[in-house]
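So the structure is just underneath, and the comments pick up after that.
Values below: every heavy atom of this structure, side chains too, minus hydrogens, waters and symmetry copies. Positions are given from 1, in the same order as the sequence printed here. Numbering of ligands and ligand atoms starts at 1, following listing order.
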Amino acid sequence: MSDKELRVSKIKDGTVIDHISGGYALDVVKILGITGREKRVMTIAINVPSKRFKAKDIVKIEGRALNSQEVNRIALVAPHATINIICDYKVVEKLEVKLPKVIEGIVRCVNPACVSNSDEPVSSKFYVKSDEPLVLKCHYCGYILEKADVLQQL
Ligand code: CTP
Ligand code: ZN
């Protein structure tokens with residue numbers, strides 16, 4: 001895209017989450033737990049025409065790098081996202097998100113009878129059966145969760 005066409009400006013320092021499937025940027029922001037009330041400058045572009053996908057979303061967070069746990073969370077809702085760390089206007093690091101094989105403590109089991117939903121001090125644990133479309137299997141009760149189940153919990 002030429003500078004003339006650039007939709008959102010480049011940032012000086014921070015993180016650019018690029019190649020989010022079109023329409024999922026707000027879910028990425030939600031899963032990171034960023035509210036906007038921390039007064040951080042953030043730019044969100046939704047359904048931007050893209051060569052790689054039909055449409056992509058972009059999230060730019062200024063003055064903040066993401067840790068590996070946050071990068072893994074993003075993979076739940078945007079398994080093809082690219083994380084770009086920006087320092088002094090330059091991309092100094094580019095990471096492809098990767099969903100771990102086992103997900104602990106982030107997502108709740110949808111089965112009300114699951115031991116992870118009881119009063120027992122058991123944290124949730126899921127095996128990733130597929131990342132696109134997302135399919136998670138509960139370690140305790142075998143219940144299958146799909147992307148919609150995860151999005152509902154955000
Ligand atoms: N970007 C930014 N501010 C900067 C540098 C880059 O907001 N100072 C953004 C770009 O707009 C782009 C992303 O970070 O959305 C990645 O930048 P770059 O690697 O330069 O772009 P591409 O080569 O198109 O990346 P890819 O190969 O991952 O598609
Ligand atoms: Zn369960």
Side-chain angles (χ1 to χ4, degrees), residues 1-29 32 34 36 40-66 70-71 74-130 132 134-154:
M1 208 182 258
S2 75
D3 285 350
K4 204 171 150 192
E5 293 172 291
L6 203 64
R7 242 169 255 265
V8 286
S9 49
K10 298 207 169 225
I11 63 171
K12 183 170 186 292
D13 295 291
T15 306
V16 175
I17 307 162
D18 198 0
H19 305 129
I20 301 166
S21 307
Y24 287 97
L26 297 177
D27 298 313
V28 168
V29 172
L32 289 174
I34 299 171
R40 200 170 286 293
V41 177
M42 200 159 48
T43 314
I44 299 172
I46 295 178
N47 289 327
V48 176
S50 156
K51 279 183 214 117
R52 217 193 284 186
F53 304 112
K54 274 195 258 41
K56 70 168 182 179
D57 290 3
I58 307 165
V59 173
K60 302 192 182 194
I61 308 163
E62 295 189 34
R64 188 181 188 281
L66 300 181
E70 290 176 310
V71 171
I74 291 170
L76 278 170
V77 290
H80 301 298
T82 310
I83 314 287
N84 299 275
I85 309 297
I86 315 290
C87 279
D88 201 18
Y89 291 103
K90 284 191 277 295
V91 178
V92 293
E93 205 179 343
K94 200 180 270 285
L95 311 160
E96 302 295 323
V97 302
K98 198 175 180 309
L99 201 55
K101 290 195 164 59
V102 181
I103 302 202
E104 294 193 73
I106 300 174
V107 185
R108 275 192 326 275
C109 186
V110 170
N111 174 11
C114 180
V115 66
S116 65
N117 285 323
S118 70
D119 291 338
E120 304 294 325
V122 174
S123 67
S124 71
K125 181 171 174 178
F126 294 91
Y127 300 106
V128 177
K129 294 288 168 189
S130 156
E132 182 91 290
L134 184 68
V135 178
L136 305 179
K137 186 175 186 192
C138 180
H139 165 70
Y140 299 102
C141 72
Y143 207 93
I144 297 288
L145 266 72
E146 291 172 0
K147 191 171 190 167
D149 299 308
V150 174
L151 290 178
Q152 235 168 26
Q153 296 181 20
L154 297 181

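By the 3.5 Å distance cut-off applied to N or O atoms, Lys10 is not counted among the residues near ligand 1. At under 3.5 Å, not a single nitrogen or oxygen of Thr82, backbone or side chain, sits near a nitrogen or oxygen of ligand 1. Inclusion of Asp18 in the set of residues having an N or O under 3.5 Å from an N or O of ligand 1 is warranted. For the pair Ile11 and ligand 1, the shortest N or O to N or O distance falls below 3.5 Å. Ligand 1 has an N or O atom lying under 3.5 Å from an N or O atom of Tyr89, backbone or side chain. Polar contact with ligand 1: absent for Lys56 (N/O pair, distance under 3.5 Å).
Ligand 1 places these atoms under 4.0 Å from at least one heavy atom of Asn84: 13 (C), 16 (C). Less than 4.0 angstrom separates some heavy atom of Ile86 from each of these atoms of ligand 1: 4 (C), 5 (C), 6 (C), 8 (N). Ligand-side atoms of ligand 1 in range of His19: 26 (P), 28 (O), 29 (O), range being under 4.0 angstrom from any heavy atom.
Between atom CD1 of residue Ile85 and atom OG1 of residue Thr15 there is a gap of 4.0 Å, rounded to the nearest 0.5 Å. Taking CG from Leu134 and CG from Leu151, the interatomic distance works out to 8.5 Å, rounded to the nearest 0.5 Å. Atom CD1 of Ile86 is separated from atom NZ of Lys60 by 7.5 Å, given to the nearest 0.5 angstrom. Taking CD of Glu132 as the start and NE2 of His80 as the end, the distance is 4.0 Å to the nearest 0.5 Å. Note that CD1 of Ile34 is 3.5 Å distant from CD1 of Ile61, once rounded to the nearest 0.5 Å. Of the inter-residue distances, the one linking Asp27 atom CG with Leu32 atom CG reads 11.0 Å to the nearest 0.5 angstrom.
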Using distance only, find each side-chain donor-acceptor pair of residues 102-112 under 3.5 Å and give its atom names and separation, not counting sequence neighbours.
from	atom 1	to	atom 2	distance (Å)
Asn111	OD1	Ala113	N	2.9

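Inspection of the environment of the Zn ion (ligand 2) yields the following protein N, O or S atoms under 2.8 Å: Cys109 SG, Cys114 SG, Cys138 SG, Cys141 SG.
Sorted by first and then second residue, the salt bridge (charged side-chain N to carboxylate O under 4.0 Å, His left out) pairs involving residues 116-128 (not counting sequence neighbours) form an empty list. Within the structure, every pair that satisfies the side chain to side chain donor-acceptor pair (under 3.5 Å) test and touches residues 138-154, not counting sequence neighbours, is listed here: Tyr127-His139.
A donor-acceptor pair under 3.5 Å is absent between the side-chain atoms of Asn47 and the main chain of Ala55, judged by distance alone.
Contact annotation: Lys12 has no heavy atom less than 4.0 Å from any atom of ligand 1.
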